[in-house]
Amino acid sequence: MFEPASRVMHTWYVPYKWSFGQRATEFLELMKKEQKIFFGRCTSCKKVMIPTAICGKCFAPLEDELVPVKDEGVLECFTVVYLPFPTQPAAPPYAYGYIRLDGTSSIMPHIIEEVDYDDLRVGMRVKAVWREELEGDIYDIKYFKPID
Amino acid sequence: MTKISNWDITVPYQWTPGPVLGTFLGGLREKTITGVKCNSCGKVYVPPQDLCRDCLEDMQVENFVEVKPEGTVEGFVKIRQNFFGERPSKEYLSERISPADIDQHPLLWFPEVPYVVAMIKLDEADTCMLHLVKGADMDNLKMGSRVRAAWKEETIGHIMDIDSFKITE
């Protein structure tokens, strides 16, 4: 009778709010204020890590004061993303890696740019490139770029 | 005070309506409302479904009938609250779903609150269909109000090709 419609399009759209919690809020506010990355030190093992409520290994609380760490480190692993998907941090293609900042014991995931993707190597040194106007979110660091 | 951020989960998807519902949607694309008639009991379903809910008989695409886009309001509700917290703007959605799909995006078709959703029994149908009722004379809307389908200018084969039903008397 009629040419049947072959598809119906729809989209789930679920807005929500998310609280960063106390430590991540401090991390972002200090980052905006000082243009530095602040990590937390475990009261038990003294390792320095991304600020959370407790140390993931010891389950001991982190020290009250966060400590500044260098915005340079080593690329521990990476991937290059060519395909689009929802909630992406950038428009593909882009490289995404785990960075171990110098003197710290946890990785920091971020985008790697200013590099030919074929030249990416595990173990290469990278440094943060900061946004001109800091806004207090994780993209105050625009991306990490390889150095030396 | 901890920092709060706004996020969303936005998942675009498509589904296949199948031959029966697909034919109904194909009819809407031609600005025609169709129903399907049960082979066994003769009941006309608008919108059509795969099985007769009384006879459990499979519906056949050959048994489609065209029905007049006029009917009676059998029940209605006034929606005063957005379902999605905030209605997403076109700009907002276009960052999340492909621009080619944006104009076919059902979320953008939801009218501003308040709006009226009604069960409408078309004259030649035995079942009700759910749709919007819009118009200037909404205060006159009551059970039994006569309504008529108003079509969108551009149709794509979707239930919202019918923009809404308007009160005719």
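Labels below follow one simple rule: chain letters A, B, ... track the order of the sequence lines, proteins then strands, and each chain is numbered from 1. Small disclaimer: the values here were computed from a predicted structure and weren't measured.
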How long is the span from the [atom1] atom in [X] to the [atom2] atom in [Y], to the nearest 0.5 Å?
X: E26(A); Y: K3(B); atom1: CD; atom2: NZ; result: 12.5 Å
X: L25(B); Y: R7(A); atom1: CG; atom2: CZ; result: 12.5 Å
X: F2(A); Y: E66(B); atom1: CZ; atom2: CD; result: 5.5 Å
X: E29(A); Y: T2(B); atom1: CD; atom2: OG1; result: 9.5 Å
X: I138(A); Y: S5(B); atom1: CD1; atom2: OG; result: 12.0 Å
X: Y16(A); Y: N6(B); atom1: OH; atom2: CG; result: 10.0 Å

Same cluster (ILVMFWY, side-chain, under 4.5 Å), I54(A) and F20(A)
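Result: no, two separate clusters.
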
Please tell me whether I162(B) and Y115(B) are part of a single hydrophobic cluster in this structure, the criterion being side-chain heavy atoms less than 4.5 Å apart.
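Result: yes, single cluster for both.
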
Shortest non-hydrogen contact from [X] toward [Y]:
X: P19(B); Y: P4(A); value: O-CB, 4.5 Å
X: A5(A); Y: G157(B); value: CB-O, 4.0 Å
X: I4(B); Y: S19(A); value: CD1-CB, 3.8 Å
X: R29(B); Y: E3(A); value: NH2-O, 3.0 Å
X: S6(A); Y: P17(B); value: O-CD, 3.5 Å

If you count the non-hydrogen atoms of other residues, nucleotides and ligands that lie under 6.0 Å from [atom1] in [X], is the total more than 12?
X: Y98(A); atom1: OH; answer: no
X: E65(A); atom1: CD; answer: no
X: W130(A); atom1: CH2; answer: yes
X: K145(A); atom1: NZ; answer: no
X: K121(B); atom1: NZ; answer: yes
X: K46(A); atom1: NZ; answer: yes

With only heavy atoms counted, which part of E62(B) is less than 4.5 Å from chain A, the side chain, the backbone, both or neither?
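No part of it gets close to chain A.
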
